[in-house]
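Data block below; observations after.
Atom set for the values below is all heavy atoms of this structure, side chains included, hydrogens, waters and symmetry mates excluded. Note that the structure is predicted; figures quoted are calculated from it, not measured. By convention in this document, chain letters (A, B, ...) are assigned in the order of the sequence lines, proteins followed by strands, and residues within each chain are numbered from 1.
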Protein chains: 2
Amino acid sequence: MTTTDGEHKVLSALHGGGHKVTPQRRAVVRVLARCHRHMTTAELHAAAAAERGDVGLVTVYRTLRLLTDLGLVCQLSADGRQPSYVLRRPEEHHHHLVCSGCGHVVDFTSSDVERLEDRLARETGYRIEGHIVEFTGQCPDCRAGR
Amino acid sequence: MTTTDGEHKVLSALHGGGHKVTPQRRAVVRVLARCHRHMTTAELHAAAAAERGDVGLVTVYRTLRLLTDLGLVCQLSADGRQPSYVLRRPEEHHHHLVCSGCGHVVDFTSSDVERLEDRLARETGYRIEGHIVEFTGQCPDCRAGR
DNA sequence: TTGAGTGCAAAGTGTTTGCATGATC
DNA sequence: GATCATGCAAACACTTTGCACTCAA
């Protein structure tokens, strides 16, 4: 039963924030930490329940909300209907490039986005509050047919 | 009963595509053409029904789906939960800056996004297929307190 | 005239909430 | 031991679908 860095970091943050570290939360965090794919609530529930039978779907919803509020997890709006989630790895502000095949997520930062934001503020008079910048594509593996 | 350019363009496109131009569709298109705000399905339904009593919510859903498929309307994923919609005004590929106060939408194009896309493709080996780029902020009016 | 379009009601999803039980700190 | 977390079931919110009727072309 190996413990990844990311997993440990999240559990510490939970504990430090006065939140209880329960087996269910461990299971969800472990799943998130182990893969670099984005997952929907339902997928996470299935994976977490495979580790520990007693992880309810409702708990997964509540855990994801908590982790998102704490800034430990990023919510991806992209793709289609349901939001999906990935562990937040870089400390600084970043964006995501998501593989439409396997769901693998690449984090990246870009001064282009900040520059664009400045330009928009200047030209429109808006005070920019936030943005969604997400790219989708096929990763090298999926392009090669696995 | 004034008819805006946008309204006319959309109705022509509908007709040209072999779709019927019904009073209900007219009402939805008119509402969309008259304002530069993004609106949810429910908001559009309320506004369209105010013009003509007999516009059902289901028809609004179906009309928005059709218009989106035809590329006449843009679906905004941003904000919170439900998607919202705006008439597609520029012909070319563009992005949106949305006011979090009044919902006004500014269309813009940016070579920064294309540049970023190229860089990502080069550095990650991904074949980029699409992106979501949406900014939110407060428009000058809303900043001034209306 | 005729098939696309509409409205209604019902069914489908995905998510949240109320409440009693259970486990962490 | 007190409190926060969990699970279940029920409630919710949004969207889609089945079906008979209507109307634009």
Side-chain angles (χ1 to χ4, degrees), chain A residues 8 10-32 38-70 72-73 75-85, chain B residues 7-8 10-31 38-70 72-73 75-85:
Chain A
H8 210 265
V10 172
L11 296 178
S12 302
L14 267 182
H15 189 259
H19 302 279
K20 292 182 178 170
V21 178
T22 65
Q24 290 88 345
R25 287 181 176 170
R26 280 181 192 280
V28 172
V29 170
R30 166 160 307 157
V31 170
L32 281 167
H38 66 133
M39 303 178 82
T40 63
T41 309
E43 288 169 341
L44 259 158
H45 173 234
E51 297 225 341
R52 277 188 60 91
D54 62 347
V55 180
L57 179 58
V58 178
T59 295
V60 177
Y61 273 103
R62 289 192 275 229
T63 301
L64 286 173
R65 162 101 62 105
L66 176 62
L67 295 177
T68 304
D69 289 347
L70 293 175
L72 300 167
V73 153
Q75 186 185 50
L76 303 187
S77 34
D79 297 318
R81 26 205 339 80
Q82 298 115 286
S84 56
Y85 302 85
Chain B
E7 184 178 347
H8 209 266
V10 173
L11 295 179
S12 303
L14 266 183
H15 189 260
H19 303 279
K20 293 183 178 169
V21 177
T22 65
Q24 291 88 344
R25 287 179 176 172
R26 280 182 192 277
V28 171
V29 170
R30 168 158 307 158
V31 170
H38 65 132
M39 303 177 81
T40 63
T41 309
E43 288 169 341
L44 260 159
H45 173 235
E51 299 224 342
R52 277 188 59 91
D54 62 345
V55 180
L57 178 58
V58 178
T59 295
V60 177
Y61 273 103
R62 289 191 274 228
T63 301
L64 286 174
R65 162 102 61 106
L66 175 62
L67 295 177
T68 303
D69 289 348
L70 293 175
L72 301 168
V73 153
Q75 187 185 50
L76 303 188
S77 34
D79 297 319
R81 26 204 339 80
Q82 299 114 287
S84 56
Y85 302 85

Self-check item: Nearest-angstrom distance from the residue atom OH of Tyr85(B) to C1' of dC14(D)
Solution: 11 Å
Practice problem: Let me know the distance between CD of Gln24(A) and P of dT24(C), rounded to the nearest Å. | Solution: 8 Å
Quiz item: Looking only at side-chain N and O atoms, does Thr22(B) come under 4.0 Å of OP1 or OP2 in dC23(D)?
Solution: no
Quiz item: Is Leu32(A) close to Leu67(A) at the side-chain level, that is, under 4.5 Å between some pair of heavy atoms?
Solution: yes
Quiz item: Residues two or more places apart in sequence or in another chain: which of them pass side chain to side chain contact (heavy atoms under 4.5 Å, CB included) with Glu43(B)?
Solution: Met39(B), Thr40(B)
Self-check item: Inter-residue atom distance Gln24(A).CD - His45(A).NE2, 0.5 Å rounding
Solution: 10.5 Å
Self-check item: Sorted by number, the residues of residues 55-68 of chain B with heavy-atom contact under 4.0 Å to DNA chain C
Solution: Val55(B), Gly56(B), Val58(B), Thr59(B), Arg62(B)
Quiz prompt | Backbone of Ala27(A) reached by a side-chain donor or acceptor of Arg52(A) within 3.5 Å | solution = no
Quiz item: Under the salt bridge (charged side-chain N to carboxylate O under 4.0 Å, His left out) test, which residues partner Arg65(A), sequence neighbours left out?
Solution: none
Quiz prompt | Separation between CZ of Arg62(B) and CZ of Arg25(B), rounded to the nearest 0.5 Å | solution = 9.5 Å
Quiz item: Over how many whole Å does the gap from Arg25(A) atom CZ to dT24(C) atom C1' extend?
Solution: 10 Å
Quiz prompt | Gln82(B) CD - dC12(D) P separation (whole Å) | solution = 17 Å
Practice problem: Compare all side-chain heavy atoms of Val73(A) with those of Leu66(A) and state whether any distance is below 4.5 angstrom. | Solution: no
Practice problem: Calculate the interatomic distance between Arg26(A) atom CZ and dA23(C) atom P; express it in whole Å. | Solution: 15 Å
Quiz prompt | Listed partners of Thr41(A) passing side chain to side chain contact (heavy atoms under 4.5 Å, CB included), at least two apart | solution = Leu57(A), Val60(A), Tyr61(A), Leu64(A), Tyr85(A)
Exercise. Consider the side chain of Thr41(A), meaning its heavy atoms from C-beta on, and name the nucleotide among dT15(C), dT6(C), dT15(D) that approaches it most closely.
Key: dT15(C)
Quiz item: Taking DNA chain D as the partner, which of residues 14-21 of chain A come within under 4.0 angstrom of it by heavy atom?
Solution: His19(A), Lys20(A)
